[in-house]
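A short worksheet on the structure shown next.
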Amino acid sequence: MNTYIGIDLGTSAVKILLVNKLGKVLNSVNVTYPVNIPKINYSEQDPKRWWSATISGLKTLLSKTNKNDVKAISFSGQMHGLVMLDKKDNVIRPCILWNDNRSEEFTSLLNKNKKKLNSLTGNIAFNGFTAPKIMWVKKYEPNNFKKINKIMLPKDYLIYQFTHQFATDYSDAAGTLLLDVKNKKWSNEMLKIIGIKKEQLPKIYESYQVVSKINKDVALTLGLSKNVKIVAGGADNAIAAIGTNTIKNNSCNISLGTSGTLLIASDKYHDGRTLPIHSFNHATGKYYLMGCILSAASAYSWWNKIASTRVSQKISFTKNDVYFLPYLTGERCPYNDPNATGAFFNLRNNTTQEEMALAVLEGVTFALKDCLSIANDMGIKVLETTICGGGAKSNIWPKLIANILNVNVKLINADEGPGLGAAILAMVANKEYKSIEQATNKIVKVIKVIKKDALLVKYYQKKYLTYQRLYPLIKKI
């Protein structure tokens, strides 16, 4: 029986799945590692910790299986992180992560000419993107900048260790702000602006393409066949879209993880204009639009840590007049403001902790509606969505999404979006399926649909109008 491995390199852990050709998870392993915060607004990790965690996890994963059945391995990776290697392939400094905000100076500089930036890349600059991070290193760590021989993204570091091949994929490359998304090539003009050479960037593959066979030494360490294929994989959100079958034109997926994303697949390239929405390459070889908010399930986790109060299924949605702005780590879409902060509004002496907990869930969902509203203004209509991530397991949140976003919510049989998506790419690369669409149609099934309620939709439309007024007011102070 052929088996496949999906490796999801996240911010707090690497999650590894072993699945069969029907997508059934045969085993899974989760290995955690820390995020280092040396200063306010800084967020870093040592790439070597990712590799040791991955090898440790794979040894555990494979300990009770027939290793000869494993045919291919692919990846889903946290986006935007800046990994730099010198000429001896040593890591020059810790990876600057996606949620690091130190590069605001350079983000603002790049965004002084948003139209030009958009014409080169299809996007505007955000602090999380890779290009402004490179500019930060150039100015504040010039000795490290001079040492750069290879620039790569987090999951590409794993590929390099597995294969010794310097490779990335289009979906991850799109989040660097160095890629011409429309024409699928590194932008020479952007490289000049940033001050790097094309030779310092990896070769770009489609997410479903084989980069190489596994390195013999790694195969020996893991007890795997030297013929195991290493497949490019992609950015976590694009790969989660594969794992949730979000590949048809205008299909939508919402990810409720540490951050939150609303992703809309597209058969054609959409110019991101100068709007705070991302126009990226999909793992299918096509495109997608995505709005990203920086605090999603993490906002609810934060609330539970300080209040230990969750929302019960008996709560009345329409009797809660508390509001919450979920900007606990700044915000990306729609405000692109790293200095935005969270806030509760409309508290009274009879406000309950449960009402505040509901306000947190509503606030995150309103922020996702901000993302959807931008897509709607671009003429894109979304009627339904899938959801994935930790927040998708909530009994309350899918109902809020349905009624605040005015869409039906499809619950699917798989809650391992990125890891499963990576494994599906491995299957396609090994010719287990003829196409990604054939694979996802076979593996991903809708098990329940949460339908919107007309009265709740109307109620939340009114509440959302008030929510939209709050951030502009507090920004002034």
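For the single chain, residues carry numbers from 1 onward in sequence order.
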Would you say [X]'s side chain and [Y]'s backbone share a donor-acceptor pair under 3.5 angstrom?
| X | Y | result |
| --- | --- | --- |
| Lys381 | Asn250 | no |
| Ser295 | Ser298 | no |
| Asn20 | Thr3 | no |
| Thr351 | Leu347 | no |
| Asp370 | Pro334 | no |
| Asp100 | Ser43 | yes |
| Lys286 | Ser266 | no |
| Asn118 | Gly122 | yes |
| Thr440 | Asn245 | no |
| Gln468 | Leu465 | no |

For the atom pair [atom1] ([X]) and [atom2] ([Y]), what is the distance rounded to the nearest 0.5 Å?
| X | Y | atom1 | atom2 | answer |
| --- | --- | --- | --- | --- |
| Asp69 | Leu18 | CG | CG | 8.5 Å |
| Trp98 | Thr258 | CH2 | OG1 | 6.0 Å |
| Asn408 | Ile401 | CG | CD1 | 12.5 Å |
| Asn336 | Thr107 | CG | OG1 | 7.0 Å |
| Lys451 | Asn403 | NZ | CG | 13.0 Å |
| Leu372 | Ile254 | CG | CD1 | 7.5 Å |

Would you say [X] has more than 12 foreign heavy atoms packed within less than 6.0 Å of its [atom1]?
| X | atom1 | value |
| --- | --- | --- |
| Ile40 | CD1 | no |
| Lys184 | NZ | yes |
| Lys463 | NZ | yes |
| Lys452 | NZ | yes |

Considering all heavy atoms of both residues, which atom of [X] and which atom of [Y] are nearest to each other, and what is their separation?
| X | Y | result |
| --- | --- | --- |
| Glu331 | Ala340 | N-CB, 4.2 Å |
| Cys371 | Cys292 | SG-N, 4.0 Å |
| Asn320 | Ala359 | ND2-N, 3.8 Å |
| Asn430 | Asn2 | ND2-ND2, 4.3 Å |
| Ser312 | Ile396 | O-CD1, 3.7 Å |
| Ser207 | Gly234 | OG-CA, 4.1 Å |

Q) Does NZ or CZ of Lys268 lie under 6.0 Å from the centre of the six-membered ring of Tyr287, at an angle within 45° of the ring axis? A) no

Cation-pi between Arg49 and Tyr33: NZ/CZ under 6.0 Å from ring centre and within 45° of the ring axis?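 Checked: cation-pi criterion not met.
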
Kindly indicate whether the side chain of [X], heavy atoms from C-beta on, has any atom under 4.5 Å from the side chain of [Y].
| X | Y | value |
| --- | --- | --- |
| Ile412 | Ile387 | no |
| Ile424 | Tyr4 | no |
| Thr284 | Glu437 | no |
| Trp303 | Ser301 | no |
| Thr386 | Val409 | no |
| Tyr323 | Phe344 | no |
| Leu263 | Ser255 | no |
| Ile159 | Asp156 | yes |

Working for ring pair (Phe, Tyr, Trp, His ring centres under 6.0 Å), residues Tyr471 and Tyr335 = CA-CA 9 Å; Tyr471 168 81; Tyr335 300 116; 3.8 Å; yes

Presence of salt bridge, [Y] and [X], under 4.0 angstrom:
| X | Y | result |
| --- | --- | --- |
| Arg273 | Asp271 | no |
| Lys399 | Asp453 | no |
| Asp337 | Lys475 | yes |
| Arg102 | Glu44 | yes |
| Lys319 | Glu355 | no |

Anything under 3.5 Å between a donor and an acceptor, one on a side chain of residues 54-65, the other on a protein residue two or more places apart or in another chain? List them.
from, atom 1, to, atom 2, distance (Å)
Thr54, OG1, Trp50, O, 2.7
Thr60, OG1, Ser56, O, 3.2
Ser63, OG, Thr60, O, 2.7

Exercise. Would the His80 and Phe126 ring centres measure less than 6.0 Å apart?
Worked result: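 No, the ring centres sit 6.0 Å or more apart.
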
Quiz item: How about His278 and Phe129: are their ring centroids closer than 6.0 Å?
Solution: yes

Can Glu432 and Lys71 be said to form a salt bridge (charged side-chain N to carboxylate O under 4.0 Å, His left out), step by step? CA-CA 10 Å; Glu432 194 76 66; Lys71 301 303 177 187; over 6 Å; no

For the residue pair Phe366 and Tyr467, does the interplanar ring angle fall in the parallel (under 30°), tilted (30 to 60°) or perpendicular (over 60°) class? tilted

Q.
Over 60° means perpendicular and under 30° means parallel, so tell me whether Phe75 and Phe162 are parallel, tilted or perpendicular.
A. tilted

Problem - Check against side-chain contact (heavy atoms from CB on, under 4.5 Å), Leu177 and Asn123 - result: CA-CA 7 Å; Leu177 204 66; Asn123 294 279; 4.0 Å; yes

- Checking salt bridge (charged side-chain N to carboxylate O under 4.0 Å, His left out) for the pair Asp169/Lys155: CA distance, chi angles, key distance, verdict? CA-CA 10 Å; Asp169 79 291; Lys155 66 106 175 58; 2.9 Å; yes

Determine, step by step, whether Lys185 and Asp180 satisfy the salt bridge (charged side-chain N to carboxylate O under 4.0 Å, His left out) criterion, reporting the C-alpha distance in whole Å, the side-chain angles of both residues, the deciding distance to 0.1 Å, and the verdict. CA-CA 5 Å; Lys185 62 182 182 180; Asp180 177 347; 5.0 Å; no

*asked:* One pair to check against side-chain contact (heavy atoms from CB on, under 4.5 Å): Ile380 and Leu289. What are the steps and the verdict?
replied: CA-CA 10 Å; Ile380 298 168; Leu289 288 171; 3.1 Å; yes

* **Ile450/Leu411 under side-chain contact (heavy atoms from CB on, under 4.5 Å): CA gap, chis, key distance, verdict** => CA-CA 8 Å; Ile450 307 294; Leu411 303 181; 4.2 Å; yes

Practice task
Apply side-chain contact (heavy atoms from CB on, under 4.5 Å) to Thr329 and Asn99, showing your working.
Solution key: CA-CA 8 Å; Thr329 53; Asn99 55 355; over 6 Å; no

